[in-house]
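As the structure lists them, so they are numbered: ligands from 1, and atoms in each ligand from 1.
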Amino acid sequence: MEPFMPQLVYVEPQALEYPLGRELLEKFEKMNIEIRETTSHNQIRNLPGDNELQKYRVAKSTLVVGIRRTLKFDTSKPSAEYAIPLATGCMGHCHYCYLQTTLGSKPYIRTYVNLEDIFDQAQKYMDERAPEITRFEAACTSDIVGLDHLTHSLKKTIEFIGQTDLGRLRFVTKYHHVDHLLDAKHNGKTRFRFSVNSRYVIKNFEPATSSFDERLEAAKKVAHAGYPLGFIVAPIYMHDDWQEGYYELFERLSRSLEGVNIPDLTFELIQHRFTKPAKKVIEQRYPKTKLDLDESKRKYKWGRYGIGKYVYKTEEAADLEGTMRQYISQFFPNATIQYFT
Ligand code: SF4
């Protein structure tokens, strides 16, 4: 899997008031990538493409260099107190991705160059919560690692949090382009997580992401660099022979990590869920998907903003959770399972 390279770049004029904005403009000019100016990402309406699907594909490889105006961070339960906004959107094409709905008609990727403002705000949140630890999640609205070889804003965030007393950073990725992050001064305050899944899920639902083996190679590098390491198994999905599929996942994981010193390994477990609006969008954008989005097989769970989710029925969810817990205790007896949701 080659590192992401945008086909089209938009630059908001205000972004050029920041060093990172100017640096990125220069970088993309040298690469001869088409660059357009836009007063705001909201004005982007004329993406190339003859139909909605083509425009969607182009959007997924379009990068907007802009500034983050809203500096109120969202909450990010259960994995952290706050979502730290470094980017929005992702180059991946995971059929189940919740960005399908949260980004709606704006699936292009936005990177925010006003890092100093974002760090100032993060510092305020830490001060408010002192002496409690404050955890920030950097992958709520993007796969930030997949983009960071271009911007290094994640690297700067790792180093910013590394020099705080009470800050912790975490993010999850499906990309293996981690080399530039290995020498970041993280001071053990960043938990690097990789998203893993059964072969079936990765093959059928995760196009345009790094392979399982590439993710594992990257996980080993990250562990050697002294980062706290974790895995997120998400979405846990009941495909045919799912028990064997997930057993194989943990078996391969443990084989590949043999001999690697991981003092505090964590797992987070998230069952597959979807909303009605997401179903509609997924069916338009990935019309041939094998993703089973039949509401009648699921349990409805009320959610925020009145949009409920369809999760597995209680017994099936318990089966998924019990099975995952059993495999993890078999292959990783010292690991912590942080939650199943
Ligand atoms: Fe969504 Fe993550 Fe896939 Fe990107 S890699 S499309 S953020 S699930």
Ignoring waters, how many N, O or S atoms from the protein are under 2.8 Å from atom 1 (Fe) of ligand 1? 1
Under a 4.0 Å N-O cut-off, is there an ion pair linking Arg193 with Glu137? yes
So salt bridge (Lys or Arg N to Asp or Glu O under 4.0 Å) across residues 139-158, not counting sequence neighbours, yields Lys155-Asp183
Verify whether the ring centers belonging to Tyr246 and Tyr327 lie closer than 6.0 Å. no
Would Arg298 pass as a cation-pi partner of Tyr310, given that its NZ or CZ must be under 6.0 Å from the six-membered ring centre and within 45 degrees of the axis? no
Taking the six-membered ring for Trp, are His93 and Tyr286 parallel (under 30°), tilted (30 to 60°) or perpendicular (over 60°)? perpendicular
Do other residues, nucleotides or ligands put more than 12 heavy atoms under 6.0 Å from the CD atom of Glu17? yes
